[in-house]
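Data first, discussion second: the structure below is written as structure tokens.
No experiment lies behind these values; they were computed from the predicted model shown.
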Amino acid sequence: MATALLSVALIAYQIAIIQLLSYVQWHHYANMVISIALLGFGAAGTFLSLFRQKLLNYSDRLLPLLMIASGLLMIIAVWISRSDVARFDSWLLFVDKSQWLALFINYLLFFIPFFSGALALGIIFVKHVEEIGKFYFSNLIGSGIGAMLTAALAGFFFPNTLPVVMALMAIAAGTILVTQKNKWVIICCAMSAMALTIYKIIRPVDLTLSEYKNLSRTLNLPNARVTLKRPGPYGLVEVVSADALRYAPGLSLVFSGDVPVEKEVFNNGDWFGPLVSWSRKDSFHLLDYTTMALPYLVKAQKKVLVLHAGTGLYVSHALSRGATSIDAVEPHQTVSRLLFHELANDSDSLYFHPEVNVHITEPRTFLSSVRKKYDLILLPVVGAFGGGAGLYAMREEYILTKEAFLQMWDLLEDDGIISISTWMDYPFRNPLKVTATIAELLETVQPGAASAHLAAIRSWGTVSFLLKKSPLSSSDTSAIRHFCNKVYFDPLLLPGLATGERTAYNEMSDTSFFSYVDELLSSNRQQLYEDYDFYIRPATDDKPYFSQFLRWKSLPRLAAIFGTQSVPFLELGWLIAAMTFFQLSLLALLLIIVPLFKIGWKGGYKFWTWLYFSGLGIGYMFFEIVLMQQFILFFGSPVYAAALVIAAMLIASGAGSYYSSRLQFTRSALSRILMLITSLLLLFALFLSPFLQSISGWPAVAKLVVSFVVITFPSFLMGMPFPTGLRLLSRLEGRNTAWAWGINGCISVISASLAAILAVEAGFKVMVFVAALAYLGCFFSFYLLPISKFK
Amino acid sequence: MKVASLLVLALWLFIFRKQQDFEKQRDEMVKSQIEKRGVKDPATLAALRKTPRHLFVPANSLGDAYDDRPLPIGYGQTISQPYIVAFMTELIKPQPTHRVLEIGTGSGYQAAILSGIVKEVYTIELIDSLASQAKTRLDKLTYKNVTVKTGDGYYGWKDKSPFDAIVVTAAAEHVPPPLIEQLKEGGRMIIPVGSPFMVQQLMLVEKKDGKVRTTSLMPVRFVPFKRSQ
């Protein structure tokens, strides 16, 4: 019970801390800090190897103390990390060297509670190695419940109280282990820890954001105030009003009216969308003066699908242009629900218009299930004003893949339109990747006639593209030209376009943009993909990372052009992921090597131990991450998909671990399990993605049942090799079990970080192959051991 | 008495030495960061040589005052990279007779640079604390032709319009229509596009023959961003 409770606390705290750091900083820094902290598991293994006997001798006293300490330190870590001593700003990391010290303090603060909790788990595993199946079962079941619990509680607690609540579980775990001998010490410790927890729930830690986050900058405006706060599984939603808040993306310079002041919505401190007040009485919509008006120039759009509808800006535009049926798809359930309730007045009851149907799901899931045809499909605006900092390089964007565009094309009426807009950036990235995606789509659906179906217009800040299923008519092109002249925009792509037309109103000193666009639409596209300094190949469902542009080979050249201090801000997300992996690898190596000074470098089946337990760490983590990515698309909710996959996998593995104690302890029996896992993973690599796609339109309950089977069957098997391996090692060389556990902990953390990088670079399919290879390696590793040891 | 005199002398020598250090750094900054990258306007270069940038940065950034980068000044705002300030100044083609409007005073550094070149500078800052700090600083340094006010730059400064040039240092995702209106026929407006810590692209807006045209400029003029082969 205590093992399970502690495991609940450790995983729930991990997720809660990611939420907290994602709010006050950015999610990639949250991942970096927490990855380093999770090395506490590896470090606990190292510590246990070094002081095994002493720790085991005093285990009865130590276990409850370590668990309570873990809970207590969880609270203290959150507390100190938000104090002036340890508060750091990741935005300044490449500008101000002192921030590195603060970052290091944060690493340490969050590392210690994990170390303490993991040490307790390690002592239990090593002490009861012959019953490891049962204890590992409790550990995995607890972790699975912890994942679900955090997803469920995220909607009720703010990011600064959620980690504190989770710490309670660790304290409770320690209290369970109270015995007559240590009764008073434990009770005193537990009471103090409880008191601190309650105090920090009543008076939570400061939630001041980085001053470089959108929300902080907005709150600096005169009379700015947060009018509504709502926690949710996607993050903390905040609504802000201020005297100077206006939104008109890339507005035409001929517009002479007033841009209205409106409230804006933020999610985890990042800008989410404006609350636009528009009513039927208004004679125009602000977006009529932006490039986003493009699809409405060609024909009246009656049936409109708005993907990632956000706060409804593009829905109100469609309404203003006479749409009679609008499907607004938005996965962010908190914001969507607020628009129906508390924010209904601020958005002029937009979602109550009879023409509007709101669907709270992932756009790709909606595309797979909808049976309707549309006149217009609108995609969200890509990129950010002035270009992004690459913060979203590691985020899956299934709506911007080639497969998504193909799905949209199939949902169009005969003269239907897909429209997508992007902010201009420099160096050119987003508009080029959008062009490449469109070019490859048209090559598939309209080979040889792409130019007749494509139009694009450009303002000083944005580009909007239009893909028409039927060829553009001469009246279409003249309407677009007329509009451009009226509002000082320039056509970028249009049948019969003269070169001079492209820069009539908006010149660019680097005109290579035009030649790149033309090249992407020509047969020379592949050459540009190879030569360009950024990755501009279209995203695919296997590598759905549209915002990942960085190519390592280009880094020196980019640094020479833009300066070494500017480069990190071009592709920050990707660089942080690489930095995380690098730091983890160094630390993990150290943690794996240090115990060898105590337990010796030679003998004791060390090579086998390293190979086997590393292989299990890599294989399990890679497979878990691939499943999470695949089920995001399948279920249409990243948060719940991740919670479901983690929970189902861990619980099934727990059951597998429990069952493993009944296994025959022969080489052939153990090898068979590993071979079965390898074969299953190979099958998954080949068929999982097409299988899930083929049934993505099924009813939710059927999908849930299928998912359960798909996740739990391999996970059940994957729960067996670790406890069995540990038991085997205890017979081979008992004092190495702690080291093996440490190796598995270290490699699992590294694998999670490496998997994120590999997913972007190589795709999901390759990751499952690597997982299969890792298990195959474990299979072969048995042949390094003498057969006599298996009986 | 003797001791006191010696102390004063030592202090004066120390300050003088420091001052000389900053002058040296400023010269170096203009040579290596500004001239080298193609800014040629003598008035702009002279203003940069004259303006003590170290007095416009927070005390904890003093050592970095002449570095080739933006620096935080609080409230999530920055003092722009010296090159960007120089480039923006040169682009508006400032003349001694000009009346210039600046949106986003920040530390007041851009206004100080313009002050040495044009007749009048009007600068608006949205954040009250920044505006009053900049006003005190500019007054102390006797920049007499600069007028600072706190307010929403969106509306420009109608009473003082039209302007020969407008410098928008705090970019927004749209150009406020009143600013276009307050720009003189033949006038130039310069706007940085993008977040202050990222590679900033500049946009030049020109009002000519009743029409408004824009030019997107590269962040580093003489090194065009091209494909690697």
How many angstroms lie between OH in A:Y212 and OG1 in B:T78, if you round to the nearest 0.5 Å? 7.5 Å

Can you find a heavy atom in the side chain of A:V259 that is under 4.5 Å from one in the side chain of B:Y154? yes

Hey, does the side chain of B:T215 reach the backbone of A:E507 with a donor-acceptor pair shorter than 3.5 angstrom? no

Please determine, among B:G74, B:P178, B:S61, the option with the most heavy-atom pairs under 4.5 Å with chain A. B:G74

Any side-chain heavy atom of B:D128 within less than 4.5 Å of one from A:P222? no

Cation-aromatic face contact B:R213/A:Y488, 6.0 Å, 45 degrees: no

Can B:I191 and A:W460 be said to form a side chain to side chain contact (heavy atoms under 4.5 Å, CB included), step by step? CA-CA 11 Å; B:I191 304 173; A:W460 59 269; over 6 Å; no

Heavy-atom closest contact (A:S256 atom, B:P177 atom, distance): CA-CB, 4.1 Å

Which atoms of B:D152 are under 4.5 Å from chain A, going by heavy atoms: the side chain, the backbone, both sets, or neither? side chain

Contact between A:L253 and B:T214 at the side-chain level, heavy atoms closer than 4.5 Å - yes or no? yes

Flag the one option from A:D258, A:D243, A:T503 with the top tally of heavy-atom pairs under 4.5 Å to chain B. A:D258

Under 4.5 Å heavy-atom distance to chain A, tell me which part of B:I180 shows up: side chain, backbone, both or neither. side chain

Hey, could you give me the CG/CD1 distance between A:L221 and B:I127, rounded to the nearest 0.5 Å? 7.0 Å

To the nearest 0.5 Å, tell me how far A:Y247 OH sits from B:H174 NE2. 10.5 Å

Rounded to the nearest 0.5 Å, how far apart are CZ of A:R217 and CD of B:Q77? 5.5 Å

Between the main-chain N or O of B:Y75 and the side-chain N or O of A:N220, is there a donor-acceptor pair closer than 3.5 Å? yes

Most heavy-atom pairs under 4.5 Å with chain B, out of A:R246, A:M508, A:E211, A:K213, belong to A:R246

Which residues, numbered in order, of residues 130-140 of chain B come under 4.5 angstrom of chain A by heavy-atom distance? none

Should we count NZ of B:K149 as having more than 12 external heavy atoms under 6.0 Å? yes

